[in-house]
There are 2 protein chains.
Amino acid sequence: MATELRDLLRVTPGGKAELAGRDPDDTPGFKGKKAKARTELDAMAPVLADLQERLFAASTGGDRHRVLLVLQGMDTAGKGGTVKHVIGHLNPAGCRIRAFKTPTPQELGHHFLWRISNGLPGAGEVGIFDRSHYEDVLAVRVHHLVDKEVWSRRYAEINAWEEALTRDGLVLVKVFLHIGRDEQRDRLLRRLDRTDKHWKFSRNDITERALWPHYRKAYEAALERCSTRAAPWYVVPANHRWYRNWAVSRLLLEHLREIDPRFPPGDFDVEEARRRLLAE
Amino acid sequence: MATELRDLLRVTPGGKAELAGRDPDDTPGFKGKKAKARTELDAMAPVLADLQERLFAASTGGDRHRVLLVLQGMDTAGKGGTVKHVIGHLNPAGCRIRAFKTPTPQELGHHFLWRISNGLPGAGEVGIFDRSHYEDVLAVRVHHLVDKEVWSRRYAEINAWEEALTRDGLVLVKVFLHIGRDEQRDRLLRRLDRTDKHWKFSRNDITERALWPHYRKAYEAALERCSTRAAPWYVVPANHRWYRNWAVSRLLLEHLREIDPRFPPGDFDVEEARRRLLAE
């Protein structure tokens, strides 16, 4: 493959996010429709599963690598659906899934990265975050939950923290699921049409939606200030679920391939072990 | 369905476990072979997924029910494979998977149920434990890691703790994956045949295997003393992977059906919400 998908979707460190110039209906790096995406995903699945098993196996031999997929996006952008999709390719026993909701009083009694640290994947694991520490410069900023002085220093704190983690073997894949405002309205309306989806809806969804321009601005700030060489942001157009799934799997695959985890050798004599088992 | 699978596999509270009388090759409650089991599993999958979504949805309306699948069994019995299989039917974002290994020094500084409590599923979640607090009356007993006085009081402690949790809405499904000793030898030998499986093998597997009769005795004690009305044990013959998968899914299904979780009603005016979205 000449170009990797991550080169197409990355927010250039130090550059602009330019969300207005990125069409949420677009399918960068992919030519074709839903059926072809599904075929390619089916081909990717065993490769991802094998890489994950190698990652886990390598950790038993002392390799410290682990992967963290961070999913951010407006309501209905498909964070939950992406978690479900990605995990379908992996062995869930080696995954650490966390959804970060409104912080509890205990969590608020700590630095904002405390609860995030507690949910990190360990060596050999793949972590998947549905929302993350970025909410502390997104919802928190939009709703003025802390002073500007506090949230504005968080970008640098995040960058320093993420860089230290990547130096220690954590591979961060930060994905912004980019949907359009009209698409969000359609998705909310579809939830209203089905009584078995009403539990997913709250009046709050409509008031949050009214803050769209403020969220847009906060997202652009986060994507621009925290897309670093150590941990860049990727913008995945997410109006098409099939493209979103294809792209996130592809990004994971590219990062796992770069780690290139290897099965560790056994620490025992194979022939002797076989003899002992057969001699019983 | 006249008879439920759980009635066939349950260790009668107050009764004997009689592992010697239970054939690990047997397939109680199932007539047929692998292909038929797969067909039935495919039919069960959407039913399980729907029940899990209802369980989660109900919790957003205040329902405290949650489910915990506890998997125990000798090495190679298929605990990890069962986790992978079961999760394939569910939305992993609503699952809490924990594998309990040798306790850390910090964990050993607490009561043995401390680390287990920390891993419990919350309302609406399905927890899956690969090993559990039962290791504290199994491996710990077999290896004399604590005095008999200590491990022997743990059965009653476990029963009291489990009963309190079930009163609070936790539904426990405790499964012993029952394999034969010859089957274990074959599985260990197969691991030796493949260099990409050597990382799963250790000399320790052979020394543990030599303790088979001691483990058998410890398992029988745990199954007999801790199969209670509130939280019975189920013995699943596990020489056939396809039966094991079918049976565990079936047990989960029966317990979820008994909970009968319902979607909560929305706490908003649907028509007003629709008007507001369309009026923008």
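The structure presented is a predicted model; accordingly, all values stated were derived computationally and were not measured. Naming convention: chains lettered A, B, ... in sequence-line order (proteins, then strands); numbering from 1 in each chain.
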Heavy-atom pairs under 4.5 Å with chain A: which of [options] has the most?
options: B:Leu277, B:Ile87, B:Val83; answer: B:Leu277
options: B:Asp196, B:Asp193, B:Asp269; answer: B:Asp196
options: B:Leu90, B:Thr60, B:Asn91; answer: B:Asn91

> Of the backbone (N, CA, C, O) and the side chain (C-beta and beyond), which part of B:Ala273 lies under 4.5 Å from a heavy atom of chain A, both, or neither?
Replying inline: both

> Using non-hydrogen atoms only, which part of B:Arg209 is less than 4.5 Å away from chain A: side chain, backbone, both, or neither?
Replying inline: side chain

>> Donor-acceptor check, side chain of A:Asp260 to backbone of A:Arg257, threshold 3.5 angstrom: yes or no?
In response: no

>> Quick one: does any side-chain atom of A:Thr207 pair with a main-chain N or O of A:Asn204 as donor and acceptor, under 3.5 Å?
In response: yes

> Relative to chain B, which segment of A:Ala99 carries a heavy atom at a distance below 4.5 Å: side chain, backbone, both, or neither?
Replying inline: neither

Pick whichever of [options] has the most heavy-atom pairs under 4.5 Å with chain B.
options: A:Arg262, A:Lys197, A:Arg274, A:Lys200; result: A:Arg274
options: A:Arg203, A:Arg54, A:Glu271, A:Glu272; result: A:Arg203
options: A:Ile97, A:Ile206, A:Asp267; result: A:Ile206

> Do B:Pro121 and B:Leu170 come within less than 4.5 Å of each other through their side chains, counting heavy atoms only?
Replying inline: yes

>> Please report whether the ring centroid of B:His214 lies less than 6.0 Å from that of B:Tyr219.
In response: no

>> Quick check on the 6.0 Å ring-centre criterion: do A:Tyr234 and A:Phe176 meet it?
In response: no

> Does A:Arg96 come within less than 4.0 Å of A:Glu125, counting only side-chain N to carboxylate O?
Replying inline: yes

>> Set out, in order, the CA-CA distance, both residues' side-chain angles and the distance that settles side chain to side chain donor-acceptor pair (under 3.5 Å) for B:Glu208 and B:His143, then state yes or no.
In response: CA-CA 10 Å; B:Glu208 282 292 278; B:His143 289 285; 2.5 Å; yes

